[in-house]
Amino acid sequence: MFDNLLKNSELCGMQLNKIISFNNNILNIRLFYILLLITSLLYVLSCKKEKKDTAPIISYSFPQSNLTLNAIDSVRIKANISDDYGPLIVSVYIINDQMKTFTQPLVKTFSGSEINIDEFYFFNNMYFETGIYYIVIRAEDGNNTVNEFIKVNIVEIPKVLNSIYVGIEDLNGVKIFCNDTLGNFNEIGYISSTIISACVNSYTKQMSVLTYDGNFITYSIPDFQVTWQKSGLTTPGHLFKGETKVYENFTYVNDANGYIYGYDYLGNVRNINSIEDGVPISFNFCNNNILTFVEYDFYNSYSIQQLYPNGGLISKYQINFQPFKILPSSSISTTIWGKSQNNTQMYTYYTEINNLQTFGSLINENFNDVVVTPDNKYLLSAGNNLMTIEKTYGNTMVYASGNRADFMKFESLSNSLYTADSNIMSVYNYPNSSKINSYTFLGKILFFDFFYNK
């Protein structure tokens with residue numbers, strides 16, 4: 001009986017094992033098909049995704065390569081842009097060979113997978129210089145971006161002197177004059193405040209003035225309306241010595257609180273430089289950096305500070321004389337004019353090694369102004385004489401004896417020299433010292449500047 005029971009138990013065990021094995025096989029089959037289904041779905045999805053990642057295709061027939069255009073012009077754009085699914089965003093704009101964008105883009109969008117463009121692209125950038133540029137047709141589908149570059153030649157428009165703006169001292173403020181096409185100066189505005197400095201920004205078509213009470217006011221040209229202004233540039237107990245300049249399309253000004261600001265045409269601060277100690281009283285741009293004279297106190301204590309264009313001190317050099325003006329000399333140096341008793345002394349400041357050395361000979365005249373000439377010399381107004389100074393050794397030659405200038409500017413198109421002496425503005429035929437013209441105003445000339453079409 002025991003044997004029979006054992007056989008029966010073995011038979012039952014074998015039957016149970018068979019059932020379990022059968023069930024396991026079914027489970028394995030089901031898992032296999034589930035995995036196969038998941039793999040198939042992933043494959044389909046991956047194929048679909050890969051298809052969506054296909055980049056757009058650009059084909060164009062206009063413009064043709066090496067087409068010649070004017071700086072203010074239009075060009076026909078005829079192109080077909082296709083994609084597998086879309087949507088499409090197509091942009092057209094112009095760049096130079098350094099990939100700098102020069103125009104506002106023409107933008108087209110389409111929810112489908114194909115777009116045809118056949119229209120004129122109007123661009124307006126009078127600051128194009130004659131050279132080689134590229135029209136870019138750019139297509140985006142959300143995942144990929146494709147650019148087509150079409151080489152074109154652009155011819156610049158001539159630079160033209162539109163007018164000269166002059167500020168004349170008045171009992172209660174400043175009268176603003178502007179010359180007409182016949183060369184006659186007419187009053188076009190009035191500023192009810194005394195001013196320290198002013199400049200014209202031809203790029204923004206604005207004129208900015210800095211007043212002694214710490215206001216920086218910007219007027220539109222030619223209608224002479226206030227567009228924006230800043231206040232609070234003075235500080236109590238400090239004699240305000242401010243300056244305005246235009247550099248790379250921005251208008252710069254310093255305040256009495258230790259800052260030099262660069263503003264855009266809307267009055268937004270685009271660059272700001274903070275002086276660690278002291279107050280900037282004059283500044284210039286030399287070798288892409290800012291150099292400024294900094295006054296520490298009321299006892300004629302000064303330093304030369306070199307700053308990065310976007311802020312930050314590079315070097316500082318303490319000086320024991322009153323500085324007047326700083327101009328670039330070479331890639332590693334600048335020339336500084338300062339006061340030595342009642343005389344004018346020149347110095348070379350080496351920007352790379354932060355070192356100052358005397359330059360040339362002592363000039364036995366009071367300093368008025370100095371500018372760089374078109375033939376790369378210095379033109380100095382000291383006492384009642386104008387004199388040229390060569391940059392290498394500082395040799396000095398009289399340019400116009402007995403001709404005083406409070407301040408001077410060269411007009412870049414004609415290379416003519418304009419000077420202001422009290423109420424008289426004179427024009428010289430540089431490098432000759434003969435006068436071309438002169439204008440007499442009923443008041444002291446506080447500033448003048450040139451307004452160009454670009």
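Computed from a prediction, not measured in an experiment: that's the story for all the values here. Start at 1 with the first residue, then count along the sequence.
Donor-acceptor pairing under 3.5 Å is recorded for the side chains of Tyr349 and Asn354. Side-chain N/O atoms of Tyr127 and Asn249 include no donor and acceptor closer than 3.5 Å. For the residue pair Ser438/Ser426, the side-chain donor-acceptor check at 3.5 Å is not satisfied. No side-chain N or O of Tyr439 forms a donor-acceptor pair with one of Asn179 less than 3.5 Å apart.
The nearest pair of heavy atoms linking Ile436 to Ser416 is CD1-OG, 3.9 Å.
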Which pairs would a plain distance check flag for residues 100-113, meaning a side-chain donor or acceptor within less than 3.5 Å of a matching protein atom at least two apart in sequence or in another chain?
from	atom 1	to	atom 2	distance (Å)
Thr103	OG1	Ile94	N	3.0
Thr103	OG1	Tyr121	OH	2.8
Lys108	NZ	Glu119	OE2	2.9

Got a list of side-chain donor-acceptor pairs under 3.5 Å for residues 304-311, not counting sequence neighbours?
from	atom 1	to	atom 2	distance (Å)
Gln305	NE2	Ser303	OG	3.4
Gln306	OE1	Asn289	ND2	3.4
Gln306	NE2	Ser315	OG	3.0
Gln306	NE2	Thr351	O	3.2

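Within a 6.0 Å sphere centred on CD of Gln64, other residues, nucleotides and ligands contribute 12 heavy atoms or fewer.
Aromatic ring orientation, Phe123 versus Phe128: perpendicular (interplanar angle above 60°, classes split at 30° and 60°).
A side chain to side chain donor-acceptor pair (under 3.5 Å) check over residues 153-167, counting only residues at least two apart or in different chains, returns the pairs Thr130-Glu156.
Residues that satisfy the ring pair (Phe, Tyr, Trp, His ring centres under 6.0 Å) test with Phe407, not counting sequence neighbours, are Phe448. For Phe410, the ring pair (Phe, Tyr, Trp, His ring centres under 6.0 Å) partners two or more places apart in sequence, or in a different chain, are Tyr430. Phe321 meets the ring pair (Phe, Tyr, Trp, His ring centres under 6.0 Å) test with Tyr347; sequence neighbours excluded.
Thr419 is not listed as a side-chain neighbour of Ser381, based on a closest heavy-atom distance of 4.5 Å or more. A heavy-atom distance below 4.5 Å is not found between the side chains of Tyr378 and Met387. Side-chain atoms of Phe185 and Ile164, non-hydrogen and from C-beta on, do get closer than 4.5 Å to each other. Using a 4.5 Å heavy-atom threshold, the side chains of Thr68 and Val155 count as touching.
By the 6.0 Å and 45° rule, Arg270 does not stack over the aromatic ring of Phe250.
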